[in-house]
Protein chains: 2
Amino acid sequence: MKAQTTSRAEPAAGEISAGFERLWALMRWLSPPGLSLNAGATLGTLQRSGPRRLTALAASEGVTQPAMTQLVGRLAEAGLVARSADPDDGRVVYVEITQEGRDMVARRRAARAERLSMLLARLSPDQQDALAAALPAIDALASLWRDDQLAPPAA
Amino acid sequence: MKAQTTSRAEPAAGEISAGFERLWALMRWLSPPGLSLNAGATLGTLQRSGPRRLTALAASEGVTQPAMTQLVGRLAEAGLVARSADPDDGRVVYVEITQEGRDMVARRRAARAERLSMLLARLSPDQQDALAAALPAIDALASLWRDDQLAPPAA
DNA sequence: TATTGTTATACTCTATAACTATA
DNA sequence: TATAGTTATAGAGTATAACAATA
């Protein structure tokens with residue numbers, strides 16, 4: 001309740017998180033079956049960021065290390081990712097997306113875009129513009145959070 | 001691939017859905033434990049929309065009818081919702097949020113807002129504004145989709 | 001002794017199919 | 001016969017705890 005510690009961000013935070021929550025069911029509907037949302041997001045992270053350690057992947061996707069072990073196991077079994085060892089540290093496992101995985105990401109992205117564009121077309125031009133204009137902020141928000149998970153700040 | 005059927009919405013759809021996907025892990029992190037994301041979203045829908053039939057609730061949350069039966073059962077057991085019968089049709093079940101449920105929604109919303117505001121404060125003012133400006137579009141998108149689920153359009 | 005990742009186990013949640021009750 | 005909702009069953013996916021291997 002303490003006022004003006006964070007400029008105008010504070011009053012808006014409640015509405016923004018409520019808006020995100022309302023998108024929850026839509027996001028599930030957009031995602032083609034075959035991969036869970038976690039699996040799809042993990043694949044997307046690997047495509048954007050390149051090979052990553054299993055622990056880092058678990059942190060950036062917000063799941064536990066054992067859960068990521070199993071998720072990577074499923075993705076590897078499906079040929080979508082590959083594991084590799086660190087030559088300098090035998091404990092470390094790197095996870096990398098395969099070409100097959102990239103194809104899967106592309107297919108899913110196209111399917112989502114097709115479904116979403118039908119809805120977007122029914123928004124007003126102003127609303128479409130507002131969504132597009134918010135994309136950099138959405139990306140920045142997601143990146144900030146992921147970076148915090150990898151190297152927690154103060155709290 | 002067919003061009004200009006939907007103005008500028010089409011090229012942006014891919015980026016927007018990718019942005020949503022990147023928010024996925026953040027959304028899970030924002031949500032306090034105790035209720036699943038589906039449970040929280042369902043409670044939020046009931047608070048906004050008032051009593052709803054179980055079938056309609058299942059459609060608007062994007063889960064099957066049996067899944068909603070069980071989810072409502074869990075929420076009712078926790079005292080967060082109440083069922084009531086339709087006097088005119090003995091088959092119909094209405095689901096309504098209780099005061100305890102409203103309190104839960106408020107608590108969760110406050111917790112999410114607190115976590116999110118720490119991240120929002122680290123965005124530039126422009127980015128904060130862009131997010132706030134996109135809220136009406138996000139709400140409209142969610143509503144469009146929910147309405148379609150309740151009464152499917154053409155496809 | 002600390003760190004990285006895996007295995008074991010139990011639990012939550014979901015979907016499909018079969019069922020009951022009302023219309 | 002169709003519709004609203006429930007029950008039965010099986011499966012996916014997660015977390016906690018215990019473990020193995022490397023540093």
Side-chain angles (χ1 to χ4, degrees), chain A residues 24-43 45-46 51-78 80-96 149-152, chain B residues 24-25 27-43 46 51-78 80-96 149-152:
Chain A
W24 160 245
L26 168 58
M27 285 172 61
R28 289 202 354 199
W29 177 77
L30 283 177
S31 293
L35 284 184
S36 71
L37 279 171
N38 255 346
T42 301
L43 222 46
T45 297
L46 287 172
R52 293 180 72 99
R53 290 185 36 178
L54 194 136
T55 300
L57 210 48
S60 80
E61 301 305 320
V63 299
T64 61
Q65 203 173 66
M68 187 50 72
T69 292
Q70 296 186 40
L71 173 52
V72 166
R74 291 192 296 272
L75 291 173
E77 200 169 359
L80 304 173
V81 305
R83 304 172 208 236
S84 60
D86 184 321
D88 297 336
D89 186 337
R91 299 169 301 181
V92 170
V93 170
Y94 282 97
V95 185
E96 186 176 4
Q149 301 312 303
L150 295 176
Chain B
W24 160 246
M27 285 173 61
R28 288 200 355 194
W29 178 77
L30 283 177
S31 294
L35 285 185
S36 71
L37 279 171
N38 255 344
T42 301
L43 221 47
L46 287 172
R52 293 180 72 100
R53 289 186 35 177
L54 195 137
T55 301
L57 211 47
S60 80
E61 302 304 320
V63 301
T64 61
Q65 202 174 67
M68 187 50 72
T69 291
Q70 297 186 39
L71 173 52
V72 166
R74 291 192 296 273
L75 291 173
E77 201 170 359
L80 303 173
V81 305
R83 302 173 211 237
S84 59
D86 184 322
D88 297 335
D89 188 335
R91 299 169 302 183
V92 170
V93 170
Y94 282 97
V95 185
E96 186 176 5
Q149 302 312 301
L150 296 176

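Owing to the predicted nature of the structure, the values given are computational and were not obtained by experimental measurement.
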Is [Y] close to [X] at the side-chain level, that is, under 4.5 Å between some pair of heavy atoms?
X	Y	value
A:Leu35	A:Leu80	yes
A:Val92	A:Thr55	no
A:Arg52	A:Leu150	yes
B:Val63	B:Leu71	no
A:Arg53	A:Tyr94	yes

Interatomic distance where [atom1] belongs to [X] and [atom2] belongs to [N] [whole Å]:
X	N	atom1	atom2	result
B:Gln70	C:dC11	CD	P	17 Å
B:Arg91	C:dT22	CZ	P	10 Å
A:Asp88	C:dT4	CG	P	15 Å

Stretch residues 53-65 of chain A: residues that reach within less than 4.0 Å of DNA chain D through a heavy atom: A:Val63, A:Thr64
Name every residue in residues 31-39 of chain A that has at least one heavy atom under 4.0 Å from any atom of DNA chain D, in order of residue number, or write none if there are no such residues. A:Ser36, A:Asn38
Closest to the B:Pro66 side chain: C:dT16, C:dA15, C:dT4? C:dT16
Side-chain donor/acceptor of A:Arg28 to backbone N/O of B:Gly62, under 3.5 Å: yes
Of B:Tyr94 and A:Ala67, the one whose closest DNA chain D nucleotide lies more 5': B:Tyr94
Reference residue A:Met68; test side chain to side chain contact (heavy atoms under 4.5 Å, CB included); the match among A:Val95, A:Asn38, A:Leu57: A:Leu57
Do you see a donor-acceptor pair shorter than 3.5 Å between the side chains of A:Thr45 and A:Glu61? yes
Looking at A:Thr69, I'd like to know whether one of its side-chain N or O atoms comes within less than 4.0 Å of OP1 or OP2 on C:dG5. no
Starting from the 5' end of DNA chain C, give me the residue, A:Arg28 or A:Met68, whose nearest nucleotide shows up first. A:Met68
A:Gln149 to A:Ala59 - nearest heavy-atom pair and separation: CB-O, 3.4 Å
Does B:Trp24 have its ring centroid less than 6.0 Å away from the ring centroid of B:Trp29? no
Between the OG1 atom in A:Thr42 and the CG atom in A:Leu75, the distance rounded to the nearest 0.5 Å is 6.5 Å
Leading and trailing nucleotides of DNA chain D with any atom under 4.0 Å from heavy atoms of chain A: D:dG13 to D:dA23
